[in-house]
Amino acid sequence: MSTYVTTPIYYVNALPHLGHAYTTIVTDTYSRFRKLCGDDVRFQTGTDEHGEKIVEAAVKEGVSPREYVDRISTAFQGTWPSLSVEPDYLIRTTDADHMQTVQDILQMVYDKGDIYFSEYSGLYCKGCERFLTEKELVDGKCPDHQVAPEEISEQNYFFRMSKYQDWLINHIKENPEFITPERYRNEVLSFLSEPLEDLCISRPTSRLTWGIPLPFDENFVTYVWFDALINYLTGLGYPNGELYAKYWQDAEHVIAKDILKPHAIYWPTMLRSMDVPAYKRLHVHGYWNVDETKMSKSIGNVVRPKDLVEAYGVDTLRYFVLREMSFGLDSSFSADSIIARQNSDLANDLGNLFSRSLTMIDKYAGQKVPQIEQSLEEEAEQELQQAIQDMLVAYEKHMNSFNFHKGLQSVWEVISLLNKYIVTNAPWDLAKDDSQQGRLNVVLYTLLEALRVLAIVLKPVMPSAADKMAAALSLENFDQATLTDCTWGGMTAGQALAAPEPLFPRLEKKKKEQKQQAQSKAKKKPATKAEQLDGVITFEQFGQVELRVATVIAAESIPKADKLLKLTVEAPEKRTIVAGIAEYYAPEDLPGRQVIIVANLKPAKLRGVVSEGMVLAAKQKLEDGTEQLTLATVAEKMAPGSRVA
RNA sequence: GGCGAUGUAGCUCAGAUGGUUAGAGCAUACGGCUCAUAUCCGUAGUGUCCGGGGUUCAAUUCCCUGCAUCGCCA
C-alpha cells in the first residue's frame with residue numbers, strides 16, 4: 001500500500017504560528033502512522049509564494065518579492081525539524097518545475113475549452129484580493145479591512161467550474177470519506193445545492209506581475225488557486241513522474257476549515273477537467289483559540305511554534321495538540337491546559353509507569369529481560385494481553401480516521417490498566433518471597449512487553465519519547481518497527497536493558513508569573529523607579545550573606561528522600577549540610593570536591609537531618625525538557641573556609 | 001434573512017434505535033501502598049442531561065417551539 005499525504009502550501013505573508021504547526025504535526029503523525037502500518041509513504045508540505053499580498057509585504061520591507069519569499073519560506077522550512085516533522089518533499093510555487101507544470105495544465109484545460117475569456121466588473125477589495133458583493137459591505141466598506149473597495153471593470157479568464165457541479169455532487173455522495181469529518185461534507189453539499197459560478201483564474205499584469213503568466217495570454221498571470229492547488233501534482237512530477245504513477249491514487253489532503261471550498265470544490269473540478277482522478281480523502285480541522293479568544297495579530301496572542309517547543313518540548317506539544325483537539329472542531333490552547341496534560345498524562349501516567357517498571361527490572365531482575373515460564377501466566381496477564389489487543393484495534397481505526405484524540409485515549413486506557421496491574425500484583429511483595437520468583441518474572445516480563453508495545457504505538461505521535469523508550473528497552477531496529485511487531489512476546493530473555501531515564505519532567509504551573517510577563521510585554525510601559533528597585537539589593541544586604549568555600553569530606557544518601565544527600569563538609573569547621581542534588585550526583589562522586597556554601601543560613605531540619613547551611617548549584621533546563629544541575633565551585637583549589645564575595 | 005450543528009458533573013467531553021442507580025478524564029476530599037518523577041491504587045460525591053409544550057405506560061433521548069452559542073450561505 002502507498003500513502004500520499006499533504007499539508008496545504010502555506011502563504012508566506014507571515015511567519016508560522018500554532019495553526020500551521022497543528023496542520024503539519026497532524027500530517028506528519030498520519031504519515032508516520034501509515035509507515036507504521038507498513039505503507040510506502042510520501043509526505044509533502046511547502047509554501048505558496050505568489051500574489052499581491054506578497055508584493056505588498058516585500059515593498060514594505062524594502063526587498064524584492066524574490067528575496068522576501070526566500071526568507072519566509074526558509075523560516076517555514078526551518079520550523080519543521082524542531083517539531084519533529086519530517087516531510088519527504090518541500091515544494092515552493094516559485095519552483096521552476098512547478099511554474100512549468102501550472103502552465104502546461106492551463107494550456108491543456110484552455111485547449112479543452114474549459115477556460116474562457118470574459119468581462120467582469122465589480123467592487124474590488126485589495127486586502128481580500130477579490131471582488132465583493134454589495135451585500136457584503138458594511139457602511140460601504142469591506143468588513144474585514146475597513147476600506148472602501150474600488151469599482152473595477154476588467155477582463156479575465158474563467159474556469160468552467162459549473163460544468164462539473166453535478167459530477168462533483170455525485171462523487172461526494174458516492175464517496176462518504178471524500179470529505180471528513182461529516183460536518184464539512186454536509187457544508188459542501190449544502191453549498192453545492194445552489195448553482196456554482198465559474199472561477200476567475202487570472203489577474204491582468206497591469207495590476208499584478210508576481211505570478212505565473214498564462215501560457216495563452218501574456219497580459220495575464222494566474223490567480224492564486226490554480227497556481228496553488230496544482231502543487232499537489234507538481235510535487236509528484238505530474239504528468240510523467242514515477243512518483244505520480246505510484247502515489248497520486250492514494251492522495252490525502254489535510255487542511256484547516258478556512259480553505260475548505262478551494263479544496264472541496266475548485267480542486268476536484270479542476271482535476272476532473274484535467275482527466276486526473278480525484279484525491280482520495282480530504283481531512284478538515286478546526287481552529288485553535290488561544291486563552292479563549294481567536295488567535296490574531298492585532299490582539300497580540302499569536303503563538304509561535306518555536307516558543308512552545310522551547311517551553312514544553314516537542315513531544316509534549318505534539319501529544320497535547322493531538323490529544324486535546326477533537327479533529328474537526330475548534331479547541332482552546334492555554335499554558336495551563338498543556339501543563340495539565342504534561343503532568344497528568346505524560347509525567348504521572350506514562351512517564352512514571354515507564355520509570356517504575358524499569359526500576360523494578362533493575363532491582364528484581366538484574367536489569368535484564370527475565371526468562372519466564374508460560375505456565376505461570378494467570379488470568380491477570382491474559383486480560384492485559386487481551387486489553388492490549390483491543391487497544392491496537394481501536395488505535396488503528398481511530399488513527400486512520402484522524403480521530404487522534406480517541407486513538408490516544410485508547411492507548412492511555414492501557415497505561416492506566418498497567419498501573420493497576422502493578423499495584424494488584426505488587427512485585428515488591430513477590431520479590432520478598434523466593435517461591436514467587438517465577439511469578440515475579442512473569443509480572444516483570446509482562447510490563448516490559450507492554451512498554452514495548454506502547455513505544456511502538458506512540459512513535460507516530462511522540463517520535464523522540466518513543467525512541468527514548470526503545471533505547472531503554474534495548475529494542476533493535478526500532479526505526480523500522482511496524483504494527484505487526486506489536487505481537488506479544490517480542491522481548492528476548494536475557495537481553496540487557498539500559499538504565500532508566502525520566503521520560504517527561506513535571507512542570508510547575510506558572511500562571512501568575514506568566515500573566516505578569518504577558519502583561520508587561522503587552523503594555524511595554526516604562527518601569528517606574530519603584531519597580532526598578534524591586535528585586536535589587538544593596539551592597540550591605542549582600543554582605544549579610546556569608547559565602548565560603550568548603551571541601552566535601554563525606555556524602556551519603558538519606559533514606560526515603562529521593563532528592564536529598566547528607567554532606568559532611570570542612571569549612572573549615574565540620575558541618576552537616578543537606579543538599580537536594582541526589583538526582584544529579586552519586587554520594588561516592590562527591591568527597592574531595594570543593595563547593596560554595598551559604599555559611600550563615602539558619603539551620604533547618606530536612607528528613608530528620610539538621611542542615612547547617614546550603615550548597616550552591618546551577619540548574620538549567622535542557623531542550624528535551626529534563627533538567628541539568630551542576631555544583632558551583634571555585635576555579636582553583638582554595639583553603640576550606642575561604643570567604644567568597 | 002435561509003440552512004445546519006451544538007447545549008449533559010466545577011472544567012473538557014462520552015452516551016443511550018425512548019425503559020430501573022446517566023458515564024470518562026481532569027480538578028476537589030478522604031483512605032491505602034512504597035516499585036516509581038510528591039508519583040500510583042481505591043473510595044466519595046454533587047447533575048431540573050438549556051427553558052417550555054407535545055406524543056407515550058415511560059422522554060435527557062422522538063416531535064414542535066423558545067433561548068443561547070457556533071458554522072455555512074445570502
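What you see is a predicted model, and the numbers here were worked out from it, not measured in a lab.
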Practice task
Remember a base hit wins even if backbone is also touched, and classify A/Lys261 as base, sugar-phosphate or nothing at under 4.0 Å, heavy atoms.
Solution key: sugar-phosphate
Problem - Which nucleotide in B/rU37, B/rG71, B/rC35 has an atom nearest any side-chain atom of A/Lys257 - result: B/rG71
Practice task
Could you check how far CZ of A/Arg323 sits from C1' of B/rU12, rounded to whole Å?
Solution key: 9 Å
Practice task
Kindly say if A/Lys363 contacts the phosphate of B/rA36, meaning a side-chain N or O under 4.0 Å from OP1 or OP2.
Solution key: yes
Practice task
Please identify each residue that fulfils side-chain hydrogen bond (donor to acceptor under 3.5 Å, both in side chains) with A/Thr7, with sequence neighbours left out.
Solution key: A/Thr45
Problem - Whole-Å distance separating the CD atom of A/Glu187 from the P atom of B/rC72 - result: 6 Å
Exercise for the section: Examine A/His171 together with A/Phe178 and report whether their ring centres are nearer than 6.0 Å. Expected result: yes
Problem - Value in whole Å for how far the C1' atom of B/rU12 lies from CZ of A/Phe320 - result: 11 Å
Exercise for the section: Using a cut-off of strictly less than 4.0 Å, decide whether A/Arg506 has a side-chain nitrogen or oxygen near OP1 or OP2 of B/rU39. Expected result: yes
Handout entry: C1' atoms of B/rU61 and B/rG71, separation to the nearest Å
Key = 25 Å
Handout entry: Of A/Met360 and A/Tyr184, the one whose closest RNA chain B nucleotide lies more 5'
Key = A/Met360
Practice task
With C1' as the reference atom in both, quote the distance from B/rA44 to B/rA27 in angstrom, rounded to an integer.
Solution key: 14 Å
Exercise for the section: Scan A/Tyr364 against the nucleic acid and name what it touches under 4.0 Å (heavy atoms): base, sugar-phosphate only, or nothing. Expected result: sugar-phosphate
Handout entry: By ring pair (Phe, Tyr, Trp, His ring centres under 6.0 Å) - contacts of A/Trp488 (at least two apart)
Key = none
Practice task
Using whole Å, report how far CG of A/Asn352 lies from P of B/rC33.
Solution key: 18 Å
Exercise for the section: Return the value, rounded to whole Å, for the distance between atom CZ of A/Phe191 and atom P of B/rA74. Expected result: 6 Å
Problem - Pairing partner of B/rG71 (Watson-Crick or G-U wobble, both distances under 3.5 Å) - result: B/rC3
Problem - Watson-Crick or G-U wobble partner of B/rA9, both distances under 3.5 Å - result: none
Fill in the blank from the handout: Of A/Glu194 and A/Phe354, the one whose closest nucleotide on RNA chain B sits nearer the 5' end is A/Phe354
Problem - B/rC40 phosphate, OP1 or OP2, under 4.0 Å from A/Asn348 side-chain N/O - result: yes
Could you list, one pair per line, each protein nitrogen or oxygen that sits under 3.5 Å from a nitrogen or oxygen of nucleotides 41-45 of chain B, together with the distance?
residue, atom, partner, partner atom, Å
B/rG42, OP1, A/Lys420, NZ, 3.2

Problem - By ring pair (Phe, Tyr, Trp, His ring centres under 6.0 Å) - contacts of A/Phe404 (at least two apart) - result: A/Phe402
Problem - Whole angstrom value for the distance that separates P of B/rA36 from CG of A/Leu503 - result: 16 Å
Exercise for the section: Compute both the distance and the angle, then confirm whether A/Lys459 meets the cation-pi test with A/Phe478: under 6.0 Å from the six-membered ring centre, within 45 degrees of the axis. Expected result: yes
Problem - C1' gap between B/rC30 and B/rU46, integer Å - result: 16 Å
Practice task
With a 3.5 angstrom cut-off on both distances, give the Watson-Crick or G-U wobble partner of B/rA22, or none if there isn't one.
Solution key: none
Exercise for the section: Quote, to the nearest angstrom, the P distance that separates B/rU8 from B/rC70. Expected result: 15 Å
Problem - Nearest-Å distance for atom pair CD/C1', residues A/Glu182 and B/rG71 - result: 15 Å
Practice task
Sticking with atom P, work out how far B/rA36 lies from B/rG31, rounded to a whole angstrom.
Solution key: 24 Å
Problem - Inter-nucleotide C1' distance (B/rA14, B/rG7), Å rounded - result: 15 Å
Fill in the blank from the handout: Closest to the side chain of A/Arg356, out of B/rC26, B/rU37, B/rA36, is B/rA36
Problem - Pairwise P distance, B/rU17 and B/rC35 [rounded to whole Å] - result: 48 Å
Practice task
Using a heavy-atom cut-off of under 4.0 Å over every strand shown, decide if A/Ser355 touches base, sugar-phosphate, or nothing.
Solution key: base
Practice task
For the pair A/Tyr164 and A/Phe159, name the ring-plane relationship: parallel under 30°, tilted 30 to 60°, perpendicular over 60°.
Solution key: parallel
Under 3.5 Å donor-acceptor pairs involving side-chain atoms of residues 438-446 of chain A, not counting sequence neighbours:
residue, atom, partner, partner atom, Å
A/Arg439, NH1, A/Leu376, O, 2.9
A/Arg439, NH1, A/Glu381, OE1, 3.0
A/Arg439, NH1, A/Glu381, OE2, 3.4
A/Arg439, NH2, A/Glu381, OE2, 3.1
A/Arg439, NH2, A/Asn425, OD1, 3.4
A/Asn441, OD1, A/Gln437, NE2, 3.4
A/Tyr445, OH, A/Met491, O, 3.0
A/Thr446, OG1, A/Val442, O, 2.7

Exercise for the section: Would you please name every residue forming a ring pair (Phe, Tyr, Trp, His ring centres under 6.0 Å) with A/Phe158, sequence neighbours left out? Expected result: A/Tyr116
Fill in the blank from the handout: Atom CG of A/Asn186 and atom P of B/rC3 are separated, to the nearest Å, by 16 Å
Problem - Rounded distance in Å between the C1' positions of B/rU28 and B/rG45 - result: 10 Å
Problem - Cation-pi geometry met for A/Lys257 and A/Tyr184 (6.0 Å, 45°) - result: no
